[in-house]
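Here the structure comes first, spelled out in C-alpha cells, and everything after it is commentary.
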Amino acid sequence: MGKQKKNKAYVNSSKKKNNSSPVWLFWTIGILTLGLIIFLFSGALENDDTTTADISYENQPYLGEKDATVNIIEFGDYKCPACKNFNESFFPLIDKEMIQTGKVKFYFLNYPFINVDSERSAIFGETVYKELGNETFWKFHKTLYEKQPDDQNLERQDIFTEKFLTETLGEVTSDEDVKKVTETWKNKDIEKALKTDETLVSELGVTSTPTLFVNGKKFEGTSLEDLKKMVDDAVKESK
C-alpha cells in the first residue's frame, strides 16, 4: 500500500506533489519510529526472557552446601560425548573451586534427545535418585558417564540397555538396592520427574548439551574463568 501511494504521487502534477510530500514524509517518519519502538520493546522482552529465568530446584539432585546462594544447572544427555568430556574434564574444576568451597549448589537435569537409550537412562537415573537418594545418584551419574563408549559411532545405537544400566548401578551400590530400583523404574510416576526436566528445557530454550544456567541465567562463556566470574557476580547480586 505504501509503495502504491508513493508511485502515484510521482506521476501527479507538481502542485499535488508539494501537497502530498509532507504527508508521505509524516507517514514514513511515523512508520520508522513505530518500527524502532517495536524493535526496542521486543528486544527488551527477549532480554527479560533469556537473561533470568524463575527456576524451581525442588526434588532435583544436587551437589554442594544446602545454604549456598548460587545454583548451577547442567542440562545433559547420558549419550552425549560432549557431556562425557564436560564431566571428566571441566566438572572436576567446578567441584574443586566452586562446590567444595561452598559457593554453589550444582544440579543435573535431563535433556535426553540423542537416542532411545538417552531417555531410558534418564528415567533410570531419576529412579535411582527417588529410591536411593542424592549420594547414590551422583555415584551412578559419574559411573554412567565414565562407561559411555569412546567410539562416537555408537552414539546413535542402543547401548544403555536395562541390563547395562542395572549392572552399572550394581558397581556403586548393593544388589538389594539394584533390585529396589529395577522394580520401580518402569513405574509411570517416575516419568513425571523427567517431564519436569523436559518442560524446563522447553521453557528455557535449551537446544544442546551440556548447557549451564547460573541462578537462572544462561552461561554463554567458554572457560572456567568465565564461569567463575558469572558465579562471583551472582554471589554479589544475592547479597
Side-chain angles (χ1 to χ4, degrees), residues 43-44 46-114 118 121-122 125-126 129 134-135 137-148 150 152 155 193-194 196-239:
E46 183 178 352
N47 288 336
D48 285 344
D49 288 343
T50 59
T51 300
T52 305
D54 185 16
I55 299 173
S56 173
Y57 302 92
E58 187 177 2
N59 298 322
Q60 298 288 3
Y62 74 88
L63 294 169
E65 300 293 334
K66 187 176 182 180
D67 58 353
T69 57
V70 178
N71 300 301
I72 296 180
I73 291 177
E74 174 203 352
F75 287 94
D77 184 324
Y78 286 114
K79 290 299 295 292
C80 167
C83 295
K84 175 183 174 70
N85 183 61
F86 171 86
N87 278 273
E88 292 181 351
S89 59
F90 200 66
F91 174 77
L93 301 175
I94 296 174
D95 185 36
K96 179 182 178 181
E97 300 193 29
M98 301 180 206
I99 299 173
Q100 298 301 324
T101 57
K103 278 188 175 182
V104 307
K105 293 195 293 285
F106 187 93
Y107 293 83
F108 176 80
L109 274 68
N110 294 287
Y111 179 23
F113 69 97
I114 291 176
S118 298
S121 54
E126 293 283 1
Y129 175 65
N134 203 51
E135 184 177 349
F137 167 81
W138 285 102
K139 290 179 181 178
F140 171 77
H141 172 90
K142 181 176 183 290
T143 304
L144 189 56
Y145 269 125
E146 289 173 348
K147 294 181 67 173
Q148 182 193 113
D150 292 327
Q152 295 188 15
E155 182 180 347
L194 178 58
T196 298
D197 291 2
E198 292 178 327
T199 296
L200 197 53
V201 164
S202 178
E203 290 176 352
L204 296 176
V206 177
T207 58
S208 62
T209 57
T211 295
L212 302 182
F213 279 78
V214 179
N215 276 8
K217 297 180 180 180
K218 186 177 180 181
F219 174 61
E220 302 283 7
T222 58
S223 68
L224 181 66
E225 292 305 314
D226 291 338
L227 183 60
K228 287 167 66 175
K229 183 181 184 306
M230 192 172 182
V231 167
D232 288 341
D233 290 343
V235 170
K236 293 174 184 177
E237 291 173 6
S238 66
K239 291 181 179 179

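Hydrogens, waters and symmetry mates play no part in the numbers below; they use all other heavy atoms, side chains included.
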Legend entry - Nearest-0.5 Å distance, CD1 of residue Ile72 to NZ of residue Lys105: 11.0 Å

Legend entry - Gap between atom CG of Asp233 and atom NZ of Lys229 - 0.5 Å precision: 4.0 Å

Inset, instruction - List in chain and number order the residues that pass side chain to side chain contact (heavy atoms under 4.5 Å, CB included) with Ser223, two or more places apart in sequence or in another chain; answer none if no residue qualifies. - result: Glu225, Asp226

Inset, instruction - Please list, chain by chain and in numerical order, all residues satisfying side chain to side chain contact (heavy atoms under 4.5 Å, CB included) with Asn134, sequence neighbours excluded. - result: Pro61, Tyr129, Trp138

Inset, instruction - Kindly write out the residues that satisfy salt bridge (charged side-chain N to carboxylate O under 4.0 Å, His left out) with Glu146, not counting sequence neighbours, or none if the list is empty. - result: Lys142

Legend entry - Qualifying residues under salt bridge (charged side-chain N to carboxylate O under 4.0 Å, His left out), relative to Glu237, sequence neighbours excluded: Lys217

Inset, instruction - Check whether the ring centres of Phe219 and Phe213 lie less than 6.0 Å apart, and answer yes or no. - result: no

Inset, instruction - State, to 0.1 Å, how close Ala53 and Leu204 come at their nearest heavy-atom pair, and which atoms those are. - result: CB-CD2, 3.2 Å

Legend entry - Over all atoms of both residues, closest heavy-atom pair of Ile55 and Gly216: CD1-CA, 3.8 Å

Just list the side-chain donor-acceptor pairs under 3.5 Å for residues 86-102, sequence neighbours left out, or say none.
residue: Asn87; atom: OD1; partner: His141; partner atom: NE2; Å: 3.4
residue: Asn87; atom: ND2; partner: Glu74; partner atom: OE2; Å: 3.4
residue: Asn87; atom: ND2; partner: Cys83; partner atom: O; Å: 2.8
residue: Glu88; atom: OE2; partner: Lys84; partner atom: NZ; Å: 3.1
residue: Ser89; atom: OG; partner: Asn85; partner atom: O; Å: 2.5
residue: Asp95; atom: OD1; partner: Gln100; partner atom: NE2; Å: 2.9
residue: Glu97; atom: OE1; partner: Lys228; partner atom: NZ; Å: 2.9
residue: Thr101; atom: OG1; partner: Glu97; partner atom: O; Å: 2.9
residue: Thr101; atom: OG1; partner: Met98; partner atom: O; Å: 3.2

Inset, instruction - Could you tell me whether the side chain of Met230 reaches within less than 4.5 Å of the side chain of Val70, counting heavy atoms only? - result: no

Legend entry - Asp232 and Lys236 ion-paired at < 4.0 Å: no

Which donor-acceptor pairs under 3.5 Å do the side chains of residues 107-114 make with protein atoms, sequence neighbours left out?
residue: Asn110; atom: ND2; partner: Glu126; partner atom: OE2; Å: 3.1
residue: Asn110; atom: ND2; partner: Asp197; partner atom: OD2; Å: 3.2

So, the side chain of [X] versus the backbone of [Y]: is there a donor-acceptor pair under 3.5 Å, distance only?
X	Y	result
Asn71	Asn215	no
Lys103	Ala68	no
Ser202	Thr199	no

